[in-house]
Structure formats: C-alpha cells, structure tokens
Protein chains: 2
Amino acid sequence: MPTSSAQHQHRLPQHLLRAREAVMAYFRPLLNSVGLTEQQWRILRLLDDRGEMEAGVIADLACILSPSLTGILVRMEKAGLIHRSRDKVDSRRLIVSLSKEGRQLTREVAPLSNACYRQIEAHFGEEKLELLISLLNELEQLPAPVALSEDKALLTEADR
Amino acid sequence: MPTSSAQHQHRLPQHLLRAREAVMAYFRPLLNSVGLTEQQWRILRLLDDRGEMEAGVIADLACILSPSLTGILVRMEKAGLIHRSRDKVDSRRLIVSLSKEGRQLTREVAPLSNACYRQIEAHFGEEKLELLISLLNELEQLPAPVALSEDKALLTEADR
DNA sequence: TCAATGTGATTAATATCTTAACATTCTGAG
DNA sequence: CTCAGAATGTTAAGATATTAATCACATTGA
C-alpha cells in the first residue's frame with residue numbers, strides 16, 4: 001500500500017492541469033463559436049495589445065514552442081487574420097502583425113471573453129482570484145531546474 | 001490604447017499554463033530519461049496508487065480525453081507497461097492494469113519524481129505551495145459554465 | 001421481445017506538442 | 001575578410017488534443 005501522504009503532495013502539475021481545464025470550459029464554447037483555437041486567440045490578443053512583434057516573442061509570451069508556432073502562423077495568415085513578413089535588417093526574424101480582419105475579430109470577441117472571465121470571477125471570488133494569480137506569478141519565476149545527472153544526491157530518505 | 005487594467009486580469013488561463021510549464025521543467029528531464037511521456041506517467045501513478053481501473057476513470061482522473069487515451073493505452077501495452085482487457089460483465093468497459101514491468105518502472109521513477117517535487121517545494125515554500133494547491137482545488141470545482149447562447153446578457157458595460 | 005435510447009470506447013480529421021535535426025542568416029574573433 | 005559559432009525559423013516524426021461521427025454493447029420501456 002503506497003504512502004498516501006507523500007502521494008498527495010505530488011499533484012501540483014495535475015492540479016494546474018485540472019484547474020486550467022475547469023477554466024477553459026468557460027472560454028472554449030466562445031472560441032469554438034468563432035472558429036478560433038486557444039492558441040490563435042492568445043496570439044490575437046497579444047498582437048492587439050502590443051502591436052506587431054517577432055515570432056520568437058510571441059512564442060515566449062504565448063507559451064508556444066517555435067515548431068508549433070510556425071504552423072499556427074501559416075494557418076492564421078491563410079485565414080486572413082495576420083500578416084507575416086521578414087525583418088528588413090535581419091532577415092532571420094519573422095515579423096507578425098494583425099490584419100484588419102484579425103483586429104476586427106479580436107475586438108468583437110474580447111468583450112465576450114471578458115464576460116466569461118467575469119463569470120469565473122463571480123463564482124470564485126475576486127480577492128481569492130487575485131491571490132491565486134499572484135501565487136501563479138511567483139511559481140512562474142521558478143529557477144531552471146538543476147540538471148538531473150549533475151546531482152543525483154537529491155534523493156531524500158522520505159522519498160524512498 | 002487598450003484598457004490595460006482589464007487586460008491584466010484576463011490571464012488566468014495563461015498563468016495556469018505558464019506556471020505548469022515552469023513546474024514541468026523540473027519533471028521533464030526525468031521522464032525523458034526513462035522514455036515516458038507526461039501522460040503515460042500520470043497513468044502509471046494512478047494505476048500504482050489505486051490498482052486496476054476502467055479507461056473512463058483514467059480519462060477523468062488523468063485529464064485525458066478518451067480519443068487520446070485510446071492511443072496512449074495501445075502504445076503503453078505495446079511497451080509492456082500495462083494490460084488491457086474487457087470487463088466480463090459489460091464488455092464495453094475496458095479494464096486497465098499495471099504489468100509487472102510497469103509496476104517496477106513506476107516504483108523506480110517515483111522517488112526521483114518526488115525529489116523533483118522537493119526541489120520545487122524548497123524554492124517556493126511549503127506553506128505557499130499548500131495554499132496554492134488548495135486554491136487550485138477550489139478552482140477545479142467551478143460549476144459548468146452556462147451555455148453561451150442561453151444568456152447573452154452577461155455582457156457588462158465594463159467589458160465593452 | 002424488440003425498438004428506442006444510452007453508454008463506453010474507438011475512428012477520423014485536423015491542430016498542436018515535443019524532441020531532434022536542418023537551413024539561413026548574423027556576428028564576432030582572429 | 002573570413003570562418004566558426006550563435007541566433008532564428010523551419011522540417012520531420014511521433015505523440016497527444018479536440019471535435020464529430022461511429023461502432024458495439026447495455027438498458028429501458030412499450
């Protein structure tokens with residue numbers, strides 16, 4: 001019989017995943033109804049908020065790895081939501097900007113998205129939500145982990 | 001210029017995503033080193049903790065949609081980690097159980113996984129982590145959202 | 001008993017994730 | 001100037017996510 005006390009703590013990634021599922025359930029119907037994926041919506045908001053930007057920056061801010069981003073941006077351009085162009089100075093860099101249609105769609109959907117958020121806020125409580133977000137913010141700042149092979153002496157007796 | 005105060009709050013899904021990324025960075029190297037995916041590891045732990053169970057239960061607990069689960073379980077069986085069989089009484093149900101090799105691997109990896117968790121705990125603080133997890137737990141309990149079409153009057157002036 | 005309905009899993013099609021390998025383009029030391 | 005190494009995207013290949021449709025079996029009710 002496993003040591004259930006130790007097991008309990010082990011669910012941080014799971015909890016983050018499940019919490020995100022619960023939240024996304026509020027947004028998904030809206031995004032589906034306008035034919036956007038989660039990732040596309042994240043990118044649209046970024047571009048509307050901050051203006052045109054490089055692909056690499058989008059990848060960082062939207063938490064999308066570049067191999068995924070490549071395809072996503074191609075499809076978004078094909079759908080008429082964005083424009084893609086190369087930086088004149090450094091042609092490695094890909095500049096992404098919102099198209100007129102993309103901007104219009106974003107501004108149509110944003111208030112509906114906000115309304116979804118308000119529902120969550122109403123259920124969960126405004127203060128608690130702020131507390132949660134600030135904790136998440138801190139968690140995001142975790143230092144990069146030490147390489148596994150470099151330190152195998154991390155095992156505690158309690159872990160065994 | 002967008003109303004940045006409203007925008008800020010809108011990042012709950014983003015924060016959950018980024019926080020999860022930060023955390024998974026600690027576990028990924030370990031899982032890669034033993035050739036397991038995140039999903040496979042979640043399933044192994046479930047089975048080791050609770051014993052054999054139906055596919056549907058796994059889907060719920062591990063946050064994996066059944067179409068994905070079908071393939072994952074096939075691959076895990078092919079890898080010799082689990083056994084799949086049909087319920088004698090109700091042959092619609094798929095019973096999944098840990099194989100000897102699967103159990104052994106799970107118990108080899110678990111302490112290493114625990115060690116990763118301790119690192120996170122050490123950086124973030126034990127109390128804060130517990131607080132965070134309890135908040136996440138609550139968030140997971142959010143009621144299912146009201147259907148979009150049924151109530152379009154959710155829009156607040158502030159959202160526009 | 002049988003048709004209607006419901007449930008659990010799978011298939012299909014498309015999108016995204018993940019790791020590794022490449023291709024280009026820049027940059028800087030020599 | 002130039003060539004090795006770094007930075008930025010892209011391809012490739014396999015695994016998972018997502019939605020819709022379907023299959024097989026169960027259950028219910030007339």
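Letters go in sequence order (proteins before strands), and every chain restarts at 1.
- The two residues A:A110 and A:W41 have their closest heavy-atom pair at N-CH2, 3.7 Å.
- For the side-chain contact (heavy atoms from CB on, under 4.5 Å) with A:E140, the qualifying choice from B:E21, B:Q14, B:R20, B:H15 is B:H15, the only one to do so.
- In terms of modelled atom types and a separation under 3.5 Å, the side chain of B:R86 and the main chain of B:R92 share a donor-acceptor contact.
- Between the CD1 atom of A:I72 and the C1' atom of C:dT16 there is a distance of 6 Å, given to the nearest Å.
- Rounded to whole Å, atom P of D:dA17 lies 12 Å from atom CD of A:E38.
- Looking at A:E130, its side chain never comes within 3.5 Å of a backbone N or O of A:E126 through a donor-acceptor pair.
- The phosphate of C:dT16 (OP1 or OP2) has a side-chain N or O of A:T37 nearer than 4.0 angstrom.
- One interatomic measurement links the two molecules: CD of A:Q40 to C1' of C:dT14, which rounds to 12 Å at whole-angstrom precision.
- Using modelled atom types, one side-chain atom of B:R42 and one backbone atom of B:A62 make a donor-acceptor pair closer than 3.5 Å.
- In this structure, A:I43 places its CD1 atom 11 Å from C1' of C:dT16, rounding to the nearest Å.
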Name the pairs: protein N/O against N/O of nucleotides 9-13 of chain C, kept only if under 3.5 Å.
unit_1, atom_1, unit_2, atom_2, d
C:dA9, OP1, B:L94, N, 3.0
C:dA9, OP2, B:G56, N, 3.1
C:dA9, O3', B:R86, NH2, 3.4
C:dT10, OP1, B:R86, NH2, 3.4
C:dT10, OP2, B:T70, OG1, 3.0

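- Taking OG of A:S113 as the reference point, atom CG of A:L36 lies at 11.0 Å (rounded to 0.5 Å).
- Between A:I64 atom CD1 and D:dA17 atom C1' there is a gap of 14 Å when expressed in whole angstrom units.
- A straight line from CD of A:E77 to C1' of D:dG9 spans 15 Å, rounded to a whole angstrom.
- Between the CG atom of B:L65 and the P atom of C:dC17 there is a distance of 15 Å, rounded to whole Å.
- Proximity of B:N32 to the phosphate of C:dT18: no side-chain N or O atom is located under 4.0 Å from OP1 or OP2.
- The aromatic rings of A:Y26 and A:H123 stand perpendicular to each other, their planes meeting at an angle above 60°, with 30° marking the opposite boundary.
- Residue whose closest nucleotide on DNA chain D sits further toward the 5' end, between A:R28 and B:Q39: B:Q39.
- Rounding to whole angstrom units, CG of residue B:L30 and C1' of C:dT18 are separated by 17 Å.
- Within 4.0 Å (heavy atoms only), B:V89 reaches sugar-phosphate atoms of the nucleic acid but no base atom.
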